[in-house]
Amino acid sequence: MNSSFPKWYYSTSLFLWLLSIILVDDFGIGFVGLCTVLTLWQASRLVTKPSVLSIRFINLVTLLGAIATASLIGIKNSVNVFVALMLVASLLKQVHATQARQFTQICILNFFTYPCLFLFTQSIFAAFLVLILLAVNLAIMLNLEQNLRFKPALKVSAKGLVLVLPVATLLVVFLPKLPAFWQLPAPQNQAKTGLSENVDPFNIANLSQSSDLVFRASFENTQQTGPFYWRAIIHDEFDGRQWKVSEYQGTNIRALPKEPIGVATIIAQPSQLPWLYGLSYSYSKNAKLNSNVFGTVYLKNLSAKPVEYQIDFTDFEPQDSLRPWYYRRNTALPDGINQQARQLARDWDSQSTTTSQFIELMKRYFLQNGFVYTLTPTTAQSSDRIDDFLFSSFNGFCGHYASAAAFLLRSAGIPARLVSGYLGGEKNDNQGYYSVYQYDAHAWVEYFTPGIGWQRLDPTAWIAPERMTGSLSQLEQLSSEFKSGLGYSLIGLSNWQSINWLRLQLEELDYQWTRVVINFDKEKQGALFKEWFGSNGQFWAGIFSLFMLLLLSIALFYLSKQLTRHKRPIELVYYNAIVSDFKEHLSGTTAKQHIVELCKLFPELDASLWQFYQLIEKSQYQQKPLNKLELGELKRLYKSIKRKAKK
């Protein structure tokens, strides 16, 4: 390895390794291990004096790395594999880089690799990190091409990035929002969801807790109060183990209801499922969404970035009856299972004359038998899972209670279906929006009553009424159990007031970034132009943008000229300052000849001039950067020579 190159050239390996850790949920721990091995290999070569690696060996390692990457991530995840291969390629290129040309190639590759982080997250923190990485990458190139030392190079690169931010802002605001000419497929596993199209709570021993954000919601009427049941997926088929997503989940309504009782704006994070979130019976006029017959909304096409949409929501319309086939579908149960639960439902049915009375008997049973709400329920040991829950374990989370209630209702011939979505949300008092996280995932029941229609029933409310308000993270009853399942996160440390304050500030900052920057689309642009420039906003916005581009171009031209003057190494600045003072007395063409002639003009400065030249020669001709002591000595000699020569 060529030791003439500064060690900070190899910082790229550390940055790429950091990216692999950030993307561990998308690439897997195996790929992070591969990147760790390559990074440690690089580190070991920096502290030793290894032999130069042959091209044949590097090609073999590259081939093995590509095979390992594809095997660890999976060929089907095309975007993930593409980005992962770029990371591995940059790491391997670092290992055998021995020439300036190779480091330049690495820098060029990194200008494409670092921004790939935006394929997986568009948060403000990702943007800040990418800017830092690009600044360091540009500094390395300035050092390679302009022979600038690290600090001046980093300063110039940071200034350059800051200078282009106004231009970038201008382009984002005023550039026409044209549809993409092509689109990369959204990375699989890019986002996680607390929901599943098939619900089987009885096989879960520990409810997984995730503090990942799902969506944020704000209301047009800020006086809206909870509990907020965010409906997403309807499950109307039970096979004895799972409640399955309805085959009519993707059937659209023919006409939108006329009278909404409320309006909400939602910013949903990317997910591998198309189903979005609404309240009561929701529908949307957003062109990217469909509204279905259940009163939920879903994406026409999966999105790799947050989706902002508006929903109108209203109460369910009263219905006298269900069609026979639909009644059978919502009362169907497999034969031969959970006989105790069936008998219990028949007993309640014989004791009641209305659905309300039946539900009251169910509520009394849950309360009198000491049922407990827990995130670590007892797993079912037999095929009669609901019997085990109702007559043996007496503990579970929302999925257990909803599944058991829906089964009991169907056993009595009452149409019922399971609904999965989210409950509540953490309110931001400053901005008035609600943040809903993965751990807020919830399941409840909807049942049908003739003359009234579909109604919501949440048996969890009987066991843990505190869960109905706010977020699961705010439920004191489960505080220790909840936080122990979160792992390392700011929410897990929210009992510390200062950390919780910091978490809320960062969350609010990310909300504004997502709303203002990430989701700045054609509709928002048009509304902004109309607000600024009136009815002919598009035309005047174009004139304004051309004028601003002209001003920015002029400003950048003069600033670049000023920066160019400071790009020269300080050694050359000192040297040229001395030579220019006595130019008329110097006939030589090289630096050494100039020093010889200056020594003849000022014999008393002979020693100082030659010491000054030796430092210039080391820096400019031997390509060896001067250390702090040498730079200090160079500055002292320069001042001494200038002062004595003028006398």
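What you see is a predicted model, and the numbers here were worked out from it, not measured in a lab.
In this structure, Y298 contributes its side chain and G250 its backbone to a donor-acceptor pair below 3.5 Å. Looking at Q249, its side chain does come within 3.5 Å of a backbone N or O of A232 through a donor-acceptor pair. Remark: the backbone N or O of A135 is paired with a side-chain donor or acceptor of S157 at under 3.5 angstrom. Remark: the backbone N or O of N198 is not paired with any side-chain donor or acceptor of H235 at under 3.5 angstrom. In this structure a side-chain-to-backbone donor-acceptor pair under 3.5 Å is missing from S90 to L87. Proximity of a side-chain donor or acceptor of N292 to a complementary backbone N or O of G295 within less than 3.5 Å is detected. For K305 (side chain) and F118 (main-chain N/O), no donor-acceptor pair under 3.5 Å exists by modelled atom type. With hydrogens and angles disregarded, a donor-acceptor distance shorter than 3.5 Å links the side chain of D440 to the backbone of Y437. Using a distance-only test at 3.5 Å, with no hydrogens or angles considered, a donor-acceptor pair links the side chain of N330 to the main chain of Y326.
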> Do Y401 and W462 pass the ring-ring contact (aromatic ring centres under 6.0 Å, His included) test, and can you show the C-alpha distance, the side-chain angles, and the key distance before you say yes or no?
Replying inline: CA-CA 10 Å; Y401 291 100; W462 303 333; 8.7 Å; no
>> With side chain to side chain contact (heavy atoms under 4.5 Å, CB included) as the criterion, how do I463 and V372 come out once you've worked through the C-alpha distance, each side chain's angles and the decisive distance to 0.1 Å?
In response: CA-CA 7 Å; I463 309 303; V372 176; 5.5 Å; no
> Going through the checks in order, is the side chain to side chain contact (heavy atoms under 4.5 Å, CB included) test met by V83 and L19?
Replying inline: CA-CA 11 Å; V83 176; L19 286 181; over 6 Å; no
> Which is it for Q431 and Q512 under the side-chain hydrogen bond (donor to acceptor under 3.5 Å, both in side chains) test, yes or no, and what are the steps along the way?
Replying inline: CA-CA 10 Å; Q431 299 294 325; Q512 297 295 348; 3.1 Å; yes
>> Pair L276, L299 - check side chain to side chain contact (heavy atoms under 4.5 Å, CB included), show working.
In response: CA-CA 7 Å; L276 295 177; L299 282 169; 3.8 Å; yes
> Where do L457 and W444 land on the side chain to side chain contact (heavy atoms under 4.5 Å, CB included) test, with the steps shown first?
Replying inline: CA-CA 6 Å; L457 170 65; W444 61 96; over 6 Å; no
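Taking 4.5 Å as the limit, some side-chain heavy atom of I266 sits within range of a side-chain heavy atom of I311. Annotation: side chain of M86 is in contact with side chain of L109 (closest heavy-atom distance under 4.5 Å). Counting only heavy atoms from C-beta outward, the side chains of T265 and Q310 approach each other to under 4.5 Å. Counting heavy atoms from C-beta on, the side chains of L91 and L34 never come closer than 4.5 Å. The shortest distance between side-chain heavy atoms of H442 and Y422 does not fall below 4.5 Å. For the pair L117 and L133, the minimum side-chain heavy-atom distance is 4.5 Å or more. For the pair R216/N428, no side-chain contact is recorded, criterion being any heavy-atom separation below 4.5 Å from C-beta on. A heavy-atom distance below 4.5 Å is found between the side chains of Y229 and L423.
The salt bridge (charged side-chain N to carboxylate O under 4.0 Å, His left out) pairs that include a residue from residues 228-238 are R231-E446, D236-R329, where partners are two or more places apart or lie in different chains.
Pairing each heavy atom of Y373 with each of C398, the nearest pair is CE1-N, 3.6 Å. The two residues S303 and P270 make their nearest non-hydrogen contact at O-CB, 3.6 Å. Residue V436 comes nearest to L213 through the heavy atom pair O-CD1, 3.6 Å, listed as atom of the first residue, atom of the second, then distance. In plain terms, the two heavy atoms of Y114 and T12 that are nearest each other are OH-CG2, 3.7 Å. In terms of heavy-atom proximity, G399 sits nearest to A443 at CA-CB, 4.2 Å. Across every non-hydrogen atom of A406 and V445, the tightest pair is N-CG2, 4.0 Å.
Taking CG of N290 as the start and OG1 of T296 as the end, the distance is 10.5 Å to the nearest 0.5 Å. Rounding to the nearest 0.5 angstrom, the gap separating the CD atom in Q438 from the OG atom in S271 is 8.0 Å. Residue F397 holds its CZ atom at 10.0 Å from OG1 of T460, rounded to the nearest 0.5 Å.
Annotation: salt bridge (Lys or Arg N to Asp or Glu O under 4.0 Å) contacts of D239 (sequence neighbours excluded): K244. W243 meets the ring-ring contact (aromatic ring centres under 6.0 Å, His included) test with F238; sequence neighbours excluded. For W454, the ring-ring contact (aromatic ring centres under 6.0 Å, His included) partners two or more places apart in sequence, or in a different chain, are F448. For the side-chain contact (heavy atoms from CB on, under 4.5 Å) test, residues two or more places apart in sequence or in another chain that qualify with Y283 are I253, L256, P257, P260, Y281, S291, D312, T314. Residues passing the side chain to side chain donor-acceptor pair (under 3.5 Å) test with N430, sequence neighbours excluded: E508.
Between W230 and F228, the angle of the ring planes lies from 30° to 60°, which puts this pair in the tilted group.
For the ring pair (Phe, Tyr, Trp, His ring centres under 6.0 Å) criterion with F215, the lone passing option out of Y277, Y511, Y309 is Y277.
W513 CH2: more than 12 foreign heavy atoms inside a 6.0 Å radius. Surrounding CZ of F128 are at most 12 heavy atoms belonging to other residues, nucleotides or ligands under 6.0 Å away. Summarising the local packing, NZ of K300 is surrounded by more than 12 heavy atoms from other residues, nucleotides or ligands at distances under 6.0 Å.
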